[in-house]
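Position 1 is the first residue of the sequence; numbering continues from there. No experiment lies behind these values; they were computed from the predicted model shown.
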Amino acid sequence: MDESKYVFRLNILKDELDALPRLEGKPSPEVVRQRHVQVWSGRTLEPYCRSAVGLAKIAALLEEKAELSALVSIRHRGRTIKWADFFFGEDSSPRLLKLLRSEDYQNAKYPVAVLVRPTKLCPSTNGRAEHIQCGREIVEDEPRTLMIPRLYGLPKILKSVRANEDYIIFGDWYASKPKDDVGSNADPTPHNAVSFENISVNLHQSAQLCALEDE
């Protein structure tokens with residue numbers, strides 16, 4: 001509690017890894033894996049706010065409780081983040097895209113939690129790594145703008161994700177640069193013009209995702 005408000009401190013894997021002694025040269029994948037194990041298996045990261053599961057529990061408590069959620073904030077690297085600028089649930093696409101492209105976020109990026117529905121695993125093509133494409137979400141109706149979240153990560157993590165189920169994904173999200181043109185196959189008439197925006201996240205640990213039926 002802080003001034004009658006609920007403050008949750010984030011425990012971020014990257015922050016704890018940066019605190020470990022620096023490795024010389026180019027470390028092997030096994031050395032990198034052991035460093036991850038060292039952080040996650042010990043008491044370096046407290047269990048509650050280090051994972052999507054813990055965040056899902058908080059979100060469930062705050063669902064449809066606007067007054068209560070206004071009292072909750074997230075503490076990360078000495079910065080206080082409003083819950084509304086950290087958790088993005090249903091129908092939050094316009095707000096999320098605006099945040100990811102804001103100057104304030106670009107100057108001080110921080111992890112956010114996003115509700116998505118994975119739809120299919122996409123193989124590597126045209127220089128794009130294997131990834132999971134999530135369901136399209138409406139950003140604007142006029143002009144028609146759709147946002148497509150994409151999940152990148154280790155194959156074993158991607159293959160653990162079930163299609164057509166809701167997940168909370170926690171991590172550093174990135175937005176593509178704004179596009180002014182529409183898809184090449186779209187009808188140029190205003191009522192059919194569609195613009196697609198992409199956001200993406202890299203999954204380094206299974207703790208970054210939580211299927212809602214599992215939380």
Side-chain angles (χ1 to χ4, degrees), residues 52 55-56 59-60 62-64 66 69 81-107 109-155 157-204 208-215:
L55 296 171
L62 299 179
E63 189 174 8
E64 298 182 0
S69 62
I81 305 161
K82 294 186 298 184
W83 181 257
D85 290 335
F86 173 77
F87 182 81
F88 296 84
E90 198 170 357
D91 301 323
S92 296
S93 298
R95 193 162 53 85
L96 173 59
L97 191 61
K98 181 179 180 180
L99 172 78
L100 296 182
R101 287 178 173 166
S102 68
E103 183 177 352
D104 182 57
Y105 182 81
Q106 292 298 318
N107 291 335
K109 289 184 178 179
Y110 57 86
V112 295
V114 181
L115 175 67
V116 299
R117 174 163 287 194
T119 55
K120 63 179 178 179
L121 180 65
C122 302
S124 301
T125 56
N126 300 326
R128 174 174 279 172
E130 181 182 52
H131 64 279
I132 289 177
Q133 181 173 304
C134 299
R136 299 174 179 180
E137 302 177 21
I138 299 175
V139 178
E140 292 183 40
D141 284 318
E142 294 293 338
R144 184 73 167 176
T145 305
L146 301 177
M147 185 179 75
I148 304 177
R150 303 179 188 275
L151 315 178
Y152 293 86
L154 297 173
I157 295 179
L158 297 183
K159 288 179 171 55
S160 71
V161 177
R162 300 185 294 271
N164 301 314
E165 293 188 18
D166 290 332
Y167 280 80
I168 288 179
I169 305 295
F170 170 54
D172 295 324
W173 285 85
Y174 300 89
S176 60
K177 294 182 179 180
K179 298 178 182 177
D180 295 325
D181 56 332
V182 300
S184 58
N185 296 325
D187 189 313
T189 56
H191 69 279
N192 264 343
V194 179
S195 176
F196 293 98
E197 306 287 356
N198 295 317
I199 64 171
S200 62
V201 65
N202 290 312
L203 301 177
H204 304 289
Q208 288 179 255
L209 54 95
C210 173
L212 292 192
E213 69 169 21
D214 292 344
E215 67 75 23

Participant: Identify, with sequence neighbours excluded, every residue that meets side-chain hydrogen bond (donor to acceptor under 3.5 Å, both in side chains) alongside Arg95.
Facilitator: Ser92
Participant: If you take all heavy atoms of Pro111 and Phe170, which pair is closest and at what distance?
Facilitator: CB-CE1, 3.6 Å
Participant: I need the Ser93 OG to Ile148 CD1 distance, nearest 0.5 Å.
Facilitator: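 Taking OG in Ser93 and CD1 in Ile148, the distance rounds to 11.0 Å.
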Participant: Any side-chain heavy atom of His204 within less than 4.5 Å of one from Leu154?
Facilitator: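 With C-beta onward as the side chain, the pair stays apart.
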Participant: Does a side-chain heavy-atom distance below 4.5 Å link Leu151 with Val201?
Facilitator: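 When only atoms from C-beta onward are counted, Val201 and Leu151 do touch, with a gap below 4.5 Å.
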Participant: Decide yes or no for Ile157 and Leu209: does some side-chain heavy atom of the first lie under 4.5 Å from some side-chain heavy atom of the second?
Facilitator: yes
Participant: So does Ile81 get a backbone contact from the side chain of Asp85, meaning a donor-acceptor N/O pair under 3.5 Å?
Facilitator: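 Absent.
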Participant: Would the number of heavy atoms belonging to other residues, nucleotides or ligands and lying under 6.0 Å from CD of Gln106 be above 12?
Facilitator: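 Yes.
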Participant: Aromatic rings Phe87 and Trp83: how do their planes relate, parallel, tilted or perpendicular, breaks at 30° and 60°?
Facilitator: parallel
Participant: Enter the distance from Leu100:CG to Glu197:CD here, rounded to the nearest 0.5 Å.
Facilitator: 11.0 Å
Participant: Measure across Val112 and Trp173 and return the closest heavy-atom pair with its distance rounded to 0.1 Å.
Facilitator: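 Taking Val112 first and Trp173 second, the nearest heavy atoms are CG2-CD1, 3.4 Å.
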Participant: Tell me the ring pair (Phe, Tyr, Trp, His ring centres under 6.0 Å) pairs involving residues 113-153, sequence neighbours left out?
Facilitator: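 Applying ring pair (Phe, Tyr, Trp, His ring centres under 6.0 Å) to every pair that reaches into residues 113-153, excluding sequence neighbours, yields His131-Tyr152.
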Participant: If you take all heavy atoms of Arg101 and Ser176, which pair is closest and at what distance?
Facilitator: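 Reported closest heavy-atom pair: NH2-O, 2.6 Å.
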Participant: What pair of heavy atoms forms the shortest contact from Asp172 to Tyr110, and how long is it?
Facilitator: OD1-C, 3.8 Å
Participant: Which atom names give the shortest non-hydrogen contact between Asn202 and Gln208, and what distance separates them?
Facilitator: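 It is O-NE2, 3.3 Å.
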Participant: Rounded to the nearest 0.5 Å, what separates atom CZ in Phe88 from atom CG in Leu97?
Facilitator: 10.5 Å
Participant: Tell me the closest heavy-atom pair linking Thr119 and Gly135, and the distance in Å.
Facilitator: CG2-N, 3.5 Å
Participant: By the salt bridge (charged side-chain N to carboxylate O under 4.0 Å, His left out) test, which pairs, at least two apart or in different chains, include something from residues 120-139?
Facilitator: Glu130-Lys159
Participant: Find out whether Glu165 and Leu212 are in side-chain contact, i.e. whether some heavy atom of one side chain is under 4.5 Å from a heavy atom of the other.
Facilitator: no
Participant: side-chain contact (heavy atoms from CB on, under 4.5 Å), that's the test. Do Ile138 and Leu146 meet it? Break it down for me.
Facilitator: CA-CA 5 Å; Ile138 299 175; Leu146 301 177; 3.8 Å; yes
